[in-house]
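Note that ligands are numbered from 1 as they come in the structure, with each ligand's atoms numbered from 1 the same way. Atom set for the values below is all heavy atoms of this structure, side chains included, hydrogens, waters and symmetry mates excluded.
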Amino acid sequence: MAETVTSSGTTSTTGHLLASLEPLLREWLPRQRWFAGKGRPVTGLTPVAVTELLPPDGRLGLYHLLLRAHQPPAPGSAPHAGDCYQLLIGVREALPPRLAPALIGHVEEGPLAGRTVYEALYDARPAELLLEALRTRARVGVLRSERDPHQEIRAGLVPRLLTAEQSNSSVVYGDTFILKLLRRVVPGVNPDLEIPLALAREGCPRVPAPTAWLHADVGAESSVLAVLQPYVAGAADGWELALRELAKGEDFTAEARALGRATAEVHTALARALPTVTLGPTQMNALVDGMTERLAAAVQAVPALRPYEPGLRSAYEALAALAAEGRTWTAQRVHGDLHLGQCLRSPSGQWSLIDFEGEPARPLAERRMAQPPVRDIAGMLRSFDYAAHSAAPSAAGWAHACRAAYCSGYAEVAGRDPRTDPVMLRAYETDKAVYEVVYEARHRPDWLAVPLSAVRRLAASDPT
Ligand SMILES: Nc1ncnc2c1ncn2[C@@H]1O[C@H](COP(=O)(O)OP(=O)(O)OP(=O)(O)O)[C@@H](O)[C@H]1O
Ligand SMILES: [Mg+2]
């Protein structure tokens with residue numbers, strides 16, 4: 001590739017760039033799948049950093065933007081500085097038809113007046129430039145790329161943007177790499193890079209090892225912007241596979257067991273790589289209080305939960321009672337949002353876990369907290385239940401068999417079966433099911449029956 005990332009910094013053009021872009025971006029941003037502040041207008045945009053990657057006087061101009069979007073606070077929330085978003089903006093005289101879906105708009109004011117601006121990730125040349133910047137460890141303005149010196153990045157890989165609904169944006173390069181551009185940017189150590197790097201150091205093969213990554217250094221603060229990882233070509237995710245087997249009436253226990261093993265491999269490597277902590281009565285009380293508060297809020301929001309409230313609360317009380325007797329647990333870094341959709345099976349049958357970002361709406365400190373590994377296990381157990389119910393309510397036996405196989409697989413690697421700590425498992429499954437009830441009631445009422453059936457089971461079960 002002849003082109004390299006060249007100019008940088010805030011020039012008089014970049015300084016006034018927002019005069020051209022703001023009116024268009026205020027309309028365009030809230031329509032993006034990854035925009036977090038849906039339902040509230042964008043009242044203003046302020047630049048956190050503007051980096052000119054290609055000057056706009058050529059056939060293609062290219063800007064990297066970090067922009068803070070100002071919005072009125074959500075009802076009941078405290079005023080907030082506004083989320084910072086990462087954008088890659090292309091500038092052309094006119095867009096070729098193949099780039100029509102990428103259009104942001106025609107500029108009327110400011111330094112780019114008369115030009116067309118668009119979402120540059122759709123375009124091959126800007127996407128190639130990004131890979132080239134990572135390959136050559138480029139530093140441009142606030143942008144700083146780093147890479148694993150042991151992994152090769154071939155020049156000239158052909159990019160394609162993934163168009164599936166996502167909370168970030170991903171570009172696949174020649175079926176060899178996948179670049180995940182984080183859309184909501186926060187300063188600090190980001191688990192989406194931290195965890196795969198830690199696992200790579202441990203030699204854990206269950207997570208694609210980061211090949212290169214991009215930071216923004218703004219003042220004293222550094223933020224992760226993007227992570228390049230090997231692409232598992234021809235992979236299917238666990239959710240797709242589970243539904244396929246369910247539709248055929250096939251057993252999925254061998255895969256469930258392999259997933260249990262994969263989860264345990266990741267957990268044991270993370271427990272070696274990153275600090276663990278012991279949870280005594282004080283920490284457990286805080287944890288149980290959080291669960292109890294979430295239950296109370298959920299019952300307020302979804303009256304269908306009310307009959308089960310005492311039973312669900314007993315799951316948390318049982319955990320608090322064990323802690324009061326002096327039981328302790330170990331917390332460690334975990335995935336944080338594990339479900340079948342976060343597991344990829346390669347054509348050779350190997351499982352990988354992906355997407356360690358946690359809940360992007362939560363502060364980084366919370367997303368990076370050590371937690372009992374049962375949190376991930378409970379997430380997977382709930383996911384088998386979801387898959388079964390979405391196929392047929394009568395598939396409960398399929399879910400039960402998968403859940404058992406998953407726990408057995410986990411025990412084979414970790415040396416401890418999650419079912420031997422039924423109180424902890426029930427408390428975490430309950431917390432997850434309660435979250436699901438609120439989510440479904442708000443977003444997908446047709447699905448509410450799925451977590452409600454788990455709620456019935458969890459409220460009734462007394463594992464002691
Ligand atoms: N290493 C990989 N190899 C193959 N495909 C991958 C890889 N990493 C991610 N993908 C694909 O890209 C999709 C999005 O990745 P990821 O889940 O990391 O992004 P996200 O923006 O956090 O998504 P979500 O909105 O679901 O949280 C995955 O569902 C998967 O299909
Ligand atoms: Mg994600």
Could you identify the single nearest non-hydrogen protein atom to [atom] and state the distance to 0.1 Å?
{"atom": "atom 10 (N) of ligand 1", "value": "Ile178 CD1, 3.5 Å"}
{"atom": "atom 1 (N) of ligand 1", "value": "Pro230 O, 3.0 Å"}
{"atom": "atom 24 (P) of ligand 1", "value": "Ser167 OG, 3.4 Å"}
{"atom": "atom 17 (O) of ligand 1", "value": "Asp355 OD2, 3.3 Å"}
{"atom": "atom 16 (P) of ligand 1", "value": "Lys180 NZ, 3.7 Å"}

Within ligand 1, which atoms have a heavy atom of [X] less than 4.0 Å away?
{"X": "Glu357", "value": "22 (O), 27 (O)"}
{"X": "Pro208", "value": "1 (N)"}
{"X": "Leu344", "value": "2 (C), 3 (N), 4 (C), 5 (N), 6 (C), 7 (C)"}

### Query
Can you check whether a protein heavy atom sits less than 4.0 angstrom from atom 13 (C) of ligand 1?
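False for atom 13 (C) of ligand 1.
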
Would you say that more than 12 heavy atoms from the other residues, nucleotides or ligands in this model lie under 6.0 Å from the [atom1] of [X], or not?
{"X": "Glu27", "atom1": "CD", "result": "no"}
{"X": "Arg442", "atom1": "CZ", "result": "no"}
{"X": "Arg40", "atom1": "CZ", "result": "yes"}
{"X": "Arg257", "atom1": "CZ", "result": "no"}
{"X": "Arg139", "atom1": "CZ", "result": "no"}
{"X": "Gln300", "atom1": "CD", "result": "no"}

Using a plain distance cutoff, I'd like to know if [X] has any nitrogen or oxygen under 3.5 Å from a nitrogen or oxygen of ligand 1.
{"X": "Tyr231", "value": "no"}
{"X": "Gln166", "value": "yes"}
{"X": "Arg33", "value": "no"}
{"X": "Ser169", "value": "no"}
{"X": "Glu165", "value": "no"}
{"X": "Gln229", "value": "no"}
{"X": "Val232", "value": "yes"}

### Message
I need the single residue from Val91, Leu130, Asp123, Leu88 that forms a side chain to side chain contact (heavy atoms under 4.5 Å, CB included) with Leu62. Which is it?
### Response
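The residue from Val91, Leu130, Asp123, Leu88 that satisfies side chain to side chain contact (heavy atoms under 4.5 Å, CB included) with Leu62 turns out to be Leu88.
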
### Task
Scan Leu353, Leu274, Leu270 and name whichever one has a side chain to side chain contact (heavy atoms under 4.5 Å, CB included) with Leu199.
Leu270

### Of the listed options Leu162, Leu353, Asn168, closest to atom 20 (P) of ligand 1 (non-hydrogen atoms)
Asn168

### Task
Write the atom name of the N, O or S atom in Asp355 that is nearest the Mg ion (ligand 2).
OD2

#### Entry: Short side-chain to backbone donor-acceptor contact, Ser170 and Lys180, under 3.5 Å
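No; judged by distance alone, with no hydrogens or angles, the pair does not exist.
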
### N, O or S atom of Glu357 closer to the Mg ion (ligand 2) than 2.8 Å
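Glu357 does place an N, O or S atom closer than 2.8 Å to the Mg ion (ligand 2).
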
### Query
Is Ile354 in contact with ligand 1, taking contact as a heavy-atom separation below 4.0 Å?
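It does; at least one heavy atom falls under 4.0 Å.
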
### Query
Between Tyr386 and Trp447, what is the ring plane arrangement, given parallel below 30°, perpendicular above 60°, and tilted in between?
parallel

### Query
Parallel under 30°, tilted from 30 to 60°, perpendicular over 60°: which one fits the rings of Tyr410 and His267?
perpendicular

### Message
So that I know where these two stand, are Tyr173 and Tyr231 an aromatic pair - ring centroids less than 6.0 Å apart?
### Response
no

